[in-house]
Undergrad: 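Before anything else, here's the structure in question.
Counting starts at 1 for both ligands and their atoms, following the listed order. Here the structure is a predicted model, which is why all the values come from computation and not from measurement. Note: hydrogens, waters and symmetry copies are ignored here, and every other heavy atom, side chains too, is used.
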Amino acid sequence: MSYYQQNLECMPREELRALQSERLCYQVKRCYEKVECFRKRMDEMGLKPEDIHGVEDLHKLPFSYKNDLRDYYPYGLFAEPLTNIRRVHASSGTTGKRIVVGYTQNDLDMWADCVARSLHAAGAGEDDIVQVSFGFGLFTGGFGLGSGAERMGAMVVPMSSGNTALQIQTMIDFKATVLCCTPSYAMYIGEEVEKLGVKDQLSLKSGIFGAEPWTESMRQEIEQKLGIKAYDIYGLSEVLGPGVSYECEAQAGMHICEDNFIAEIIDPDTGEVLPEGSSGELVFTSLTKEGFPVIRYRTRDICSLNHEPCACGRTHIRMNKPQGRSDDMLIIRGVNVFPSQIEEVLLKVSGGQLTPNYQIVVDRVNNNDTFDVNVEMSEQFFSDDVKSIEKLERSITGELRSMLGISAKVHLVNPNSIARSEGKAKRVIDNRKLR
Ligand code: DLL
């Protein structure tokens with residue numbers, strides 16, 4: 001029997017709400033006792049855990065933000081002592097510092113359950129061979145999908161990302177039936193498969209892709225190139241990693257694991273909860289997380305929730321594909337990049353040689369993200385000395401790579417050559433058609 005938690009995934013809505021209420025009250029009490037930041041915010045609002053009686057009181061609770069993870073770096077928001085933490089993961093923060101999240105053994109079990117559900121919903125089962133081509137490491141993708149596939153009872157091929165020729169050969173030799181990676185990497189693999197003319201040697205039947213926005217047309221292309229059905233999976237490190245929500249065979253929105261997470265949609269400017277069906281910022285509360293629980297965490301992802309019953313029989317509500325973000329985070333080659341991180345590097349390297357004027361240009365060529373950073377030289381530094389210019393470009397490139405983990409092409413440009421804006425500076429030009 002394939003992995004399917006029917007009792008939880010198909011729970012009647014009233015029962016689910018009662019379960020969420022019970023778990024919410026417990027989690028609020030726990031966080032109040034164990035997490036200083038949360039307790040302070042509750043105290044400031046004159047709120048006590050006893051004031052929260054169930055899901056109906058959720059809106060009274062304070063929000064939490066990505067910057068909290070920076071302010072309490074690295075472990076200040078953990079609700080368990082480090083001796084109870086089995087694993088940490090990390091992701092980009094809004095500045096140079098990474099944000100760190102921790103998982104107890106129960107958290108890792110719950111996470112594996114959520115991902116196993118996602119794989120099962122995508123038609124996978126214990127007879128499958130799952131090639132995980134998400135990065136294994138501090139990023140949650142590799143371990144998340146790998147552990148979920150193991151939990152489901154499948155065999156895992158933990159490839160990590162990169163070395164596409166070897167990826168394809170392994171897929172053929174090991175007879176992988178399910179591929180997990182970012183949609184842009186899946187497109188790239190698909191193209192290489194076409195070039196090599198080896199599509200008929202693949203055993204793939206489905207793919208589970210996420211960690212970045214992708215369109216329906218990308219889905220169709222991936223499906224055609226690899227001869228598979230392609231499913232979406234969503235998540236974020238602060239809330240869990242992959243598996244917060246996932247597509248089922250209906251491929252009409254991603255079911256949120258509502259026994260573990262409550263979702264809300266709010267107006268990103270006022271913080272007000274929006275009526276059912278509205279588009280706004282997605283906010284999550286983790287009901288069962290022990291190591292790093294979040295209450296009303298502002299994801300900055302803009303999307304809407306679908307409360308209609310789903311043809312698959314699962315009762316958990318669905319979220320539509322995120323349509324954008326309410327902050328300036330970019331996802332380039334699956335890596336989260338904030339303009340403020342680039343600013344920090346430029347400031348560090350500058351030494352009077354650069355002006356504060358820069359522009360990030362992102363595009364997609366042959367289904368690969370290109371990432372260029374144009375920086376204006378200062379009048380003093382500007383000269384015909386090509387060698388010094390190239391040296392400075394190399395130094396910025398190196399610093400950016402160590403800050404972000406991906407490479408950018410850095411171009412030092414003449415003073416005053418980047419267009420000035422009368423309002424907010426246009427720091428980012430994103431020419432990709434991802435939505
Ligand atoms: O990207 C977790 C993940 C790994 C999800 C593997 C799916 C598969 P972070 O690095 O913390 O975590 O980035 C989280 O990525 O807030 C969204 O903006 C974006 N994102 C994640 N999944 C999707 C998706 C992982 N399916 C941020 N569609 C989130 C669109 C996505 N955007």
Side-chain angles (χ1 to χ4, degrees), residues 65-66 69-70 88-94 98-101 103 111 114-115 117-119 121-122 130 132-149 158 160-161 178-186 207-216 218-219 222 230-247 251 253-257 261 263 268 281-284 286 292 294 297-304 318-338 341 369 404-406 430 432 434-435:
Y65 306 87
K66 193 157 194 148
L69 283 93
R70 183 199 61 194
V88 291
H89 281 283
S91 129
S92 317
T94 47
R98 290 183 148 257
I99 54 151
V100 185
V101 296
Y103 304 77
W111 186 11
C114 293
V115 176
R117 287 180 193 176
S118 320
L119 284 155
V130 181
V132 181
S133 305
F134 279 117
F136 278 77
L138 287 174
F139 176 57
T140 53
F143 278 97
L145 267 301
S147 307
S160 226
S161 49
V178 180
L179 173 66
C180 309
C181 59
T182 58
S184 45
Y185 195 43
I208 296 176
F209 308 120
E212 63 182 4
W214 53 311
T215 57
E216 280 307 319
M218 248 173 116
R219 188 205 304 266
I222 295 169
Y231 296 86
D232 203 353
I233 186 167
Y234 167 91
L236 62 163
S237 320
E238 301 91 301
V239 175
L240 183 74
V244 172
S245 68
Y246 54 88
E247 266 184 347
Q251 292 187 311
M254 296 179 271
H255 289 283
I256 295 168
C257 290
F261 307 102
E281 183 180 334
L282 184 59
V283 171
F284 279 113
S286 51
F292 184 89
V294 286
Y297 183 74
R298 304 273 304 253
T299 66
R300 300 294 175 188
D301 288 319
I302 303 290
C303 77
S304 59
R318 286 167 285 168
M319 57 178 269
N320 294 317
K321 269 184 186 300
Q323 301 135 14
R325 294 193 46 94
S326 69
D327 63 4
D328 53 2
M329 186 178 93
L330 291 156
I331 306 182
I332 305 174
R333 296 177 214 136
V335 172
N336 303 345
V337 175
F338 288 93
Q341 295 176 297
D369 288 339
L404 306 169
I406 52 168
D430 191 344
R432 298 171 298 180
L434 287 176
R435 297 186 179 96

Undergrad: Give the ring-plane orientation class for Phe143 versus Phe136, where under 30° counts as parallel, over 60° as perpendicular and anything between as tilted.
TA: perpendicular
Undergrad: For the atom pair OG (Ser118) and CD1 (Ile208), what is the distance rounded to the nearest 0.5 Å?
TA: 7.0 Å
Undergrad: Closest by any non-hydrogen atom to atom 5 (C) of ligand 1: pick that one out of Gly144, Gly142, Gly235.
TA: Gly235
Undergrad: Does ligand 1 have any atom that is closer than 4.0 Å to a heavy atom of Glu212?
TA: yes
Undergrad: If the contact criterion is a heavy-atom separation under 4.0 Å, does Phe209 count as touching ligand 1?
TA: no
Undergrad: Rounded to the nearest 0.5 Å, how far does CD of Gln341 lie from OG of Ser92?
TA: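 Taking OG in Ser92 and CD in Gln341, the distance rounds to 5.0 Å.
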Undergrad: Using a 3.5 Å cut-off and no angle test, enumerate the donor-acceptor pairs between side-chain atoms of residues 231-241 and protein atoms at least two apart in sequence or in another chain.
TA:
unit_1: Asp232; atom_1: OD1; unit_2: Trp214; atom_2: NE1; d: 2.8
unit_1: Asp232; atom_1: OD2; unit_2: Trp214; atom_2: NE1; d: 3.4
unit_1: Asp232; atom_1: OD2; unit_2: Lys321; atom_2: NZ; d: 2.7
unit_1: Tyr234; atom_1: OH; unit_2: Asp301; atom_2: OD2; d: 2.7
unit_1: Glu238; atom_1: OE2; unit_2: Tyr297; atom_2: OH; d: 2.6

Undergrad: Which residue and atom name correspond to the protein heavy atom nearest atom 10 (O) of ligand 1, and how close is it?
TA: Asn336 ND2, 3.3 Å
Undergrad: For ligand 1, note which part of Thr182 has a heavy atom under 4.0 Å away: side chain, backbone, both or neither.
TA: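 It is neither part, as no heavy atom is under 4.0 Å.
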Undergrad: So which protein heavy atom does atom 11 (O) of ligand 1 come closest to, and at what separation?
TA: Ser237 OG, 2.6 Å
Undergrad: In ligand 1, which numbered atoms sit nearer than 4.0 Å to a non-hydrogen atom of Phe139?
TA: 1 (O), 4 (C), 10 (O), 25 (C)
Undergrad: Quick check: closest heavy atoms across Phe284 and Ala263, and the distance to 0.1 Å?
TA: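 What the structure gives for the nearest pair is CE2-CB, 3.7 Å.
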Undergrad: So do the side chains of Ser133 and Tyr185 get within less than 4.5 Å of each other, counting heavy atoms only?
TA: yes
Undergrad: Applying a strict 4.0 Å limit to heavy atoms, is Pro322 in contact with ligand 1?
TA: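 Pro322: in contact with ligand 1 (<4.0 Å).
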Undergrad: How long is the straight-line distance from CZ of Phe338 back to CG of Asp327, given to the nearest 0.5 Å?
TA: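 Separation between the atoms: 5.0 Å.
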Undergrad: At less than 4.0 angstrom from any non-hydrogen atom of Pro213, what atoms of ligand 1 do you find?
TA: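 Here the atoms of ligand 1 in question are 30 (C), 32 (N).
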Undergrad: Please report which non-hydrogen protein atom sits nearest to atom 29 (C) of ligand 1, along with the residue it belongs to and the distance in Å to one decimal place.
TA: Asp301 OD2, 3.2 Å
Undergrad: Please list, in number order, the atoms of ligand 1 under 4.0 Å from a heavy atom of Ile331.
TA: 15 (O), 18 (O), 19 (C)
Undergrad: Nearest 0.5 angstrom please: Glu281 CD to Arg325 CZ, how far?
TA: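 Taking CD in Glu281 and CZ in Arg325, the distance rounds to 8.5 Å.
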Undergrad: Of all the heavy-atom pairs spanning Ala211 and Thr182, show the shortest one and how long it is.
TA: CB-CG2, 4.3 Å
Undergrad: Are any of the N/O atoms in Ile233 less than 3.5 Å from those in ligand 1?
TA: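 Yes, there is a polar N/O contact under 3.5 Å.
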Undergrad: Pick one of side chain, backbone, both or neither for how Ala211 approaches ligand 1, counting any non-hydrogen atom pair under 4.0 Å.
TA: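 Both backbone and side chain of Ala211 come within 4.0 Å of ligand 1.
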Undergrad: In chain order, what residues pass the side chain to side chain donor-acceptor pair (under 3.5 Å) check against Arg219, with sequence neighbours excluded?
TA: Glu216, Glu247
Undergrad: Looking only at distances, please establish whether an N/O atom of ligand 1 is found under 3.5 Å from an N/O atom of Asp232.
TA: yes
Undergrad: Mind checking whether Thr140 contacts ligand 1 via backbone (N, CA, C, O), side chain (CB onward), both or neither, at a 4.0 Å heavy-atom cut-off?
TA: side chain
